[in-house]
Amino acid sequence: MRPLDEKETTAVFEKLFKFTGPNLKHIVERPATEGPEDGGGRYCFRLHKNRVFYASESLVRRATNISRDRLASIGTCIGKFTKGGSFRLTVQSLDLLAAHARHKVWLKPTSEQSFLFGNPVLKGGLGRITENTKAGDGVVVFSMSDLPLGFGVAARSAQDCRKAEVKSIVVNHQSDIGEYLRMSDDI
């Protein structure tokens, strides 16, 4: 387990910024509430076996007593680096993204199951979308009862969604909570 180098930090922050925008500052400067010390420190990012973890500094200090080969996880795994070197967010980062999301999409109850099976969001299943969403922006997908279901990339802007056909794709799927069942061995 080690801190991220400059190249890795840039890749992680660019991906997080795509979903959170200026709210990324709240993730980075978030004070930790756990630990034996007063204040507990802040949260930080650590790399372990090509996976990026988001954990409190207090927890990271305590984890240094465990050897690297025996350490399985620390904090929340928010993503991993592929063999090609690019960073990919995982479904475990959903709670963090949902709390700080800049662009949101709400699905009708009839299209939730389709999204949870890994399909993109169609215009016919779109309940609501934040006004300033542009094509290519990262969006967090919610149910109509504000339960975070996953995240993806907007295929159309909010303005284009109004004019789009019912069967046209609005959000391209990246990850969803159904992955806990579909890919339980990889998570």
Between Ser175 and Val91, what is the shortest heavy-atom contact and its length? OG-CB, 3.2 Å
State, with a plain yes or no, whether a side-chain heavy atom of Phe117 is found less than 4.5 Å away from one of Asp176. no
Donor-acceptor pair, distance only, cut-off 3.5 Å: does the side chain of Ser56 make one with the backbone of Leu59? yes
For Glu8, enumerate each residue passing the salt bridge (charged side-chain N to carboxylate O under 4.0 Å, His left out) test, keeping only those at least two apart in sequence or located in another chain. Arg2
Residue set satisfying ring pair (Phe, Tyr, Trp, His ring centres under 6.0 Å) with Tyr54, at least two apart, ordered chain then number -> Tyr43, Phe45
Partners meeting salt bridge (charged side-chain N to carboxylate O under 4.0 Å, His left out) with Asp137 (sequence neighbours left out): none
Would you check if the side chain of Ser86 reaches a backbone N or O of Thr82 as a donor-acceptor pair within less than 3.5 Å? no
Over all heavy atoms of both residues, which pair between Lys49 and Leu71 is shortest? Give the atoms and the distance, please. NZ-O, 3.9 Å
Enumerate, atom names and distances included, each donor-acceptor pair closer than 3.5 Å involving a side-chain atom of residues 144-159, sequence neighbours excluded.
from	atom 1	to	atom 2	distance (Å)
Ser145	OG	Ser143	OG	3.0
Asp146	OD1	Trp106	NE1	2.7
Arg156	NE	Ile169	O	3.3
Ser157	OG	Asp160	N	3.2
Ser157	OG	Asp160	OD2	3.3
Gln159	OE1	Arg162	NH1	2.6

Any idea which heavy atoms bring Phe17 and Pro22 closest together, and the distance? CE1-N, 3.8 Å
For Ser114, which residues count as a side chain to side chain donor-acceptor pair (under 3.5 Å) partner, sequence neighbours excluded? Asn119
Sequence neighbours excluded, the answer for side chain to side chain donor-acceptor pair (under 3.5 Å) partners of Thr130 is Thr133
